[in-house]
Structures are given as C-alpha cells and as structure tokens.
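Data block below; observations after.
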Amino acid sequence: MESKLATPSRPESIFSESPLAADQIHSAVTDVLTTTQFIDVHTHLFDPALGKLGLWGIDELLTYHYLEAELFRSSAITPERYWSLSKREQADAIWQALFIENTPLSEATRGIVVVLAAFGLPTDSSGLAEARAFFQAQPLRHHIDTVLAMAGLSSVVMTNDPLDPEEAPLWINGFERHPRFHAVLRLDRILRGWANNWELLAAQGYAVDRNATGKSVPELRRFLAEWCVRMEPVYMAVSLPYTFQFPQEDLTSKLLTEAVLPTCRDLNLPLSLMIGVRYQVNPRIRLAGDAMGRADLSSLENLCRDFPENRFLTSVLSRENQHELCVYARKFNNLMPFGCWWFLNNPSIVEEITRERIEMLGTSFIPQHSDARVLEQVLYKWRITRSIIARTLTNSYQQVINDGRAVTRKEIQRDVERLFRGNFETWTNGTADKG
Ligand code: FIX
Ligand code: ZN
C-alpha cells in the first residue's frame, strides 16, 4: 500500500514542462501576469449605455477625490472656493498645485503620470490642452476596449444603485448591455440608510414603511428579486461603517437577516461586505471626506458561522483588520477576502497584505480590485498591482524552490488565473466572463 508520505504522483499536464530555475521565476511570473487577463471585481465604472454616469478623460482623472484630498493639503484654496469652480477649472487647479508646484510622488498623482505616458502625452507640461484634445477625440466604446486591453482586463464589475435617481430609471427603461461590464446590486441606501430612502422603494411601487414593518420585508425581497432579474448582478454589495455590529437590534441586522441574505441564498449570489468606513469626517471635501476605522470583525464571524449557505466577498478598510480577516478566512470557507481597498491601495501596504495572505491562504483569495471611478485609472492601478504581485509571487515561488520543490510555468499560470479570475468566477458561479 502506498504510504501517506509518498510524494503524490505529479499529474503529467502541469509538470510536463521542465521546472524553472530560481533566476527564471521573476521573468516567468511577470510574463504570466502581463499576458493573463484579469477580472476587476469592484469598480465604480459604468457600462457606456449608462451615459454620463461613466467618467473618463483628463478632467475626471484630475478631479478624482483622492487628488482633491491632496489638493487641499498643497494649496490655499478652500473647499467652498474649489466647489464653485467648473470641472475644467478644478482640474487646472489640481494640475497646478500637485504636478507643477509639487512633484507627483503620491500613488494617486503617479497614476496620472502613468496614464498620460501610456498615451504618449506630455507629463510635465504647463497646461492640459494637449491631453484634453486627445481624450476629446476618442470615440468612447473604442476607447473603452483600448483601455481595458492596455490594463489587461477582460471585464470589470460595476457598482449599481437601484435607488439612485439618475441610474435607476436607465435600468428600468432597459438598455443593451456591454459584455465587459458586470452589474452589482449595491444596497447602501437600503441597509445603511433605510430611514432616508424607504420612500424611494415606495415610489417604485413596493409597500414598505419607515420602520420596515408590515409587508416591508417581503416587499423588499420582491424588490431585490426583481432588480436581480433586471440587472443580472454577479453579487450584491454594501459598504459598512467601522462600528458595524452583527447581530444588533437595528434595521441593518433585520434587513440583512430577513431579506438580503435569504434572497442571496435563493439566487445563489454572494454578498460583498466592505467594512470599516468612518463616513464624512470632513463633509466640506465631499467624497474625499470619508475616513476609516478599525472594525470589530466578530460581526463577520457571526455572519459566516450563522449563515453557512451564504458567501461573503469581503474587504476591510483598516490595516489593523487585515490579519484578522485572514484568520477568519481560515475558519470559514464561505468567506473570500478581496482587494486592498481605498486607503490600503498603496504599493507598500498592498505588498504587506498580499504576502500575509499568501502565507496564510495560499492562492485562495482575490488579491486586488481597482475601485476605479474614472475609466483610465485601471491603467495605473493594475500596472502598479501587477508589479507588486510579480515581486510577491516571485518571492513565494523562490521560497518553495529553496524548500525543495520544483515549480513550472504552467503552475504559475494556474495560480495567477485562480487569483485574478478563478476564485471570483467560482464565487459568482461563472456568471463573470470566461475571457
Ligand atoms: O464604498 C465604496 O465602494 C468605496 O470604494 C467608495 O465609496 C470610495 O469613495 C472610493 O472611491 C474608494 O476607492
Ligand atoms: Zn468602491
């Protein structure tokens, strides 16, 4: 009888290739990362059929809330004065303060440099005339394909709000879907803002009330089911404050338990939880005014344990919560950590988090998402991510070679596909593309 310790026979296909030498690993990993198309599992980009909701071009790139936050640190302009400017004047002010009067060293300013350079546009000119002319000349649908190809993405996952006064009517009227934009049913207004938003559901014909009593729960389930037919989302999602507690005597817990989680189970959809925001600590700077806080992740523990039939795609905003998230993922296989979200999306932190996740979870996690709000941002967010992951994976493969096990390129290909496609496709039942 073959002893347990015997090295398992190596399936011919993966190991048919000759093993890579340690000094061949980095170029093999880099090549595989560059030639493999990823799925961007969380963005704020929009199907071109959703019109002006989709942001692109140099003025939108420069007025990104990450750069607005940095503007107010490097210029005397007040937020009130800034908001009184036109989009173009705002972009000019940010270009002047962060790219002319200062060197673009931050992750967000470097991003602009990467995008301009990628299109062969000047990165140090006094003005933006040439860049504006270039972007204005791009036919959108062709530009989308170009940008996604340059970013190495087969598709992106949107963030769609069924109660947004601008977006909801577009879905209700219907439109021809772009195959590379997947929908997500975003539930912040329902799970975090019921008191202020229940009337929006009532206006769509659902018999709900302020305290979610009476028929509210079954009506909310009907709302979710009908919007899932309309949007065909790959998952439902919500961002939650760092103070999020579950279970709790509040509407968030009630609607999660009685409506959202059962509907996710019925429709076999994962729920994405993005935990750790300190909303609007400085409302004067609007979207840039959110901050973060360390969350008590025992709420996540309770959800994963008490709802084993539900799958939780989870990202946490606090650096201090990352290790806990890995530990919980080792306890619950209905928990999939994803991305280095928002304030964590900085190269030094992405490397730290990714190394820890590989050490604790192998390849059973989703390393990154872009959170792009402007189309061309995927260019720099994925370029920076690929270079970090190349270093981190190279280090891991060289370690296993030093430990005494050979590695082949096919294995690297398999692992990279799992990290940036397979895990998400499995969790979304293959509803995301098979690019
Ligand atoms: O809740 C979210 O999806 C966050 O990503 C955004 O609200 C945030 O403003 C952002 O753009 C982060 O990168
Ligand atoms: Zn986001």
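Hydrogens, waters and symmetry mates play no part in the numbers below; they use all other heavy atoms, side chains included. What you see is a predicted model; the values in this text were computed from it and never measured. Numbering of ligands and ligand atoms starts at 1, following listing order. Positions are given from 1 along the sequence.
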Ignoring hydrogens, what is the shortest heavy-atom contact between V217 and A212? Give both atom names and the distance. CG2-O, 4.5 Å

Compare every heavy atom of T63 with every heavy atom of I94, then report the nearest pair and how far apart it is. CD1-CA, 4.0 Å

So that I can tick it off, tell me whether K381 and D40 are bridged by a salt bridge, with the cut-off set at under 4.0 angstrom between side-chain N and carboxylate O. no

Run the salt-bridge test on R186 and E167 with the 4.0 Å N-O cut-off and return the result as yes or no. no

Pairing donors with acceptors under 3.5 angstrom, does anything connect the side chains of [X] and [Y]?
X: R265; Y: N268; answer: no
X: T36; Y: R421; answer: no
X: T394; Y: R391; answer: no

Ring centres under 6.0 angstrom apart (F312, F332): no

Check: H143 ring centroid to F119 ring centroid under 6.0 Å: yes

Identify all pairs of nitrogen or oxygen atoms, one from ligand 1 and one from the protein, separated by less than 3.5 Å, and list them with distances.
from	atom 1	to	atom 2	distance (Å)
ligand 1	1 (O)	R186	NH2	2.6
ligand 1	3 (O)	H42	NE2	3.1
ligand 1	3 (O)	H44	NE2	3.0
ligand 1	3 (O)	R186	NH1	3.0
ligand 1	3 (O)	R186	NH2	3.3
ligand 1	5 (O)	H44	NE2	3.4
ligand 1	5 (O)	W341	NE1	3.0
ligand 1	5 (O)	D371	OD1	2.9
ligand 1	5 (O)	D371	OD2	3.0
ligand 1	7 (O)	R373	NH2	3.4
ligand 1	9 (O)	H65	NE2	3.1
ligand 1	9 (O)	R373	NH2	3.0
ligand 1	11 (O)	H65	NE2	3.0
ligand 1	11 (O)	R373	NE	2.7
ligand 1	13 (O)	Y66	OH	2.5

Everything protein-side that's N, O or S and under 2.8 Å from the Zn ion (ligand 2): list it, residue and atom. H42 NE2, H44 NE2, D371 OD1

